[in-house]
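The structure appears right after this line, and notes come after that.
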Amino acid sequence: SRTDSRRPSHIACESRAGVGTSTIDRHAHFNSLDVATAQDLRRAGLRMARDESVRVVIIRGAGGIFCSGADLKYVSSGGDSEELGYLKSGPRETADGFGDVLKQIVEYIHSTISEIRRAPKPFVAAVDGVAAAGGFGLAMACDLALASERASFEWGYGRTGLTGAESLTFLLPRLLGLRRAMELVFLSPRLDANRALEMGLINLVYPVDQFDVQTEALAKRLASGPTRAWAEAKALINQACGMDLLEHHLD
């Protein structure tokens, strides 16, 4: 799809038989997110969450990579003036550091995550390949997480001196407990799919050659289920986990 006349979108969306799919397709950049792609991801998430004909949503990456989070090369280059121009009425001033550019990317990712958690339907992360930093957070924010045998999960923020974002500091203690969460933050191991399954970060692991078929089968099963009842159950589980604090944490 295209979002305007100037550029192609790196988020491909489709909907069929109650199953919506959003695919991050920026493979040359390891499916990382610049401002435009993060904005398109948010737009896709909002559209899928609010379309009543879509009963379950799959988030995936193209080309054997899930998502590597914010595009830090884009950030360090200062971003794109047209994409960032709406932030100020006049010309952008050059500021020390790269916080303003990173902030815009992260705000769109955070908005997507908020939409996922509020959505009255299941969101499924289909992780085939690397999910690192913000990509890891995006996967963990989904209701279910599936992985291929070549999937891996990594905190990754320590390599760039960042504190972490994209919901991981909120979700990891809830998914793993305090001690394991600290291990991922301070030691940043790269977890293969089976280790992630053992730790409780994901739900199911499939062979690579069966991954797409098995993911589609699960999505069809969810799409045929009692969506309204599951929406209420999701809201109750969100409440039980203190998910109402997520917005404050993301801010």
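- The neighbour count for Arg195 CZ, taken as heavy atoms of other residues, nucleotides or ligands under 6.0 Å away, is above 12.
- A 4.5 Å side-chain heavy-atom check between Leu146 and Leu218 finds at least one atom pair inside the cut-off.
- Side-chain contact check for Val56 versus Phe123: every heavy-atom pair is 4.5 Å or farther apart.
- Of the possible polar contacts, none joining the Thr23 side chain to the Asp25 backbone as a donor-acceptor pair under 3.5 Å is found.
- Note that OG1 of Thr21 and CD of Glu216 are 8.0 Å apart. Values are rounded to the nearest 0.5 Å.
- Pairing each heavy atom of Ala145 with each of Ala139, the nearest pair is CB-O, 4.3 Å.
- With a 4.5 Å cut-off on side-chain heavy atoms, Asp34 and Arg26 count as touching.
- A 4.5 Å side-chain heavy-atom check between Leu191 and Glu154 finds every atom pair outside the cut-off.
- Checked by atom type and distance alone, the side chain of Ser188 never pairs as donor or acceptor with a backbone atom of Val185 at under 3.5 Å.
- Between Ala141 and Ile113, the shortest heavy-atom distance links the atoms CB-CG2, 3.7 Å.
- A donor atom on one side chain and an acceptor atom on the other are found under 3.5 Å apart for Asp51 and Ser53.
- Side-chain contact between Met243 and Arg117 is present, with heavy atoms from C-beta onward closer than 4.5 Å.
- Between Val130 and Phe136 there is no side-chain heavy-atom pair separated by less than 4.5 Å.
- The neighbour count for Arg16 CZ, taken as heavy atoms of other residues, nucleotides or ligands under 6.0 Å away, does not exceed 12.
- When all heavy atoms are compared, the tightest approach of Glu14 to Met48 is O-CE, 3.5 Å.
- Summarising the local packing, CZ of Phe30 is surrounded by 12 or fewer heavy atoms from other residues, nucleotides or ligands at distances under 6.0 Å.
- Just one residue in the list Leu172, Val127, Leu171 forms a side-chain contact (heavy atoms from CB on, under 4.5 Å) with Leu201, and that residue is Leu172.
- No hydrogens or angles considered: nothing links the side chains of Ser167 and His110 as a donor-acceptor pair under 3.5 Å.
- The environment of CZ in Arg174 is crowded: more than 12 heavy-atom neighbours from other residues, nucleotides or ligands sit within 6.0 Å.
- Side chains of Asp40 and Ser9: a donor on one and an acceptor on the other come within 3.5 Å.
- To the nearest 0.5 Å, atoms CD1 (Ile24) and CG (Leu33) are separated by 5.5 Å.
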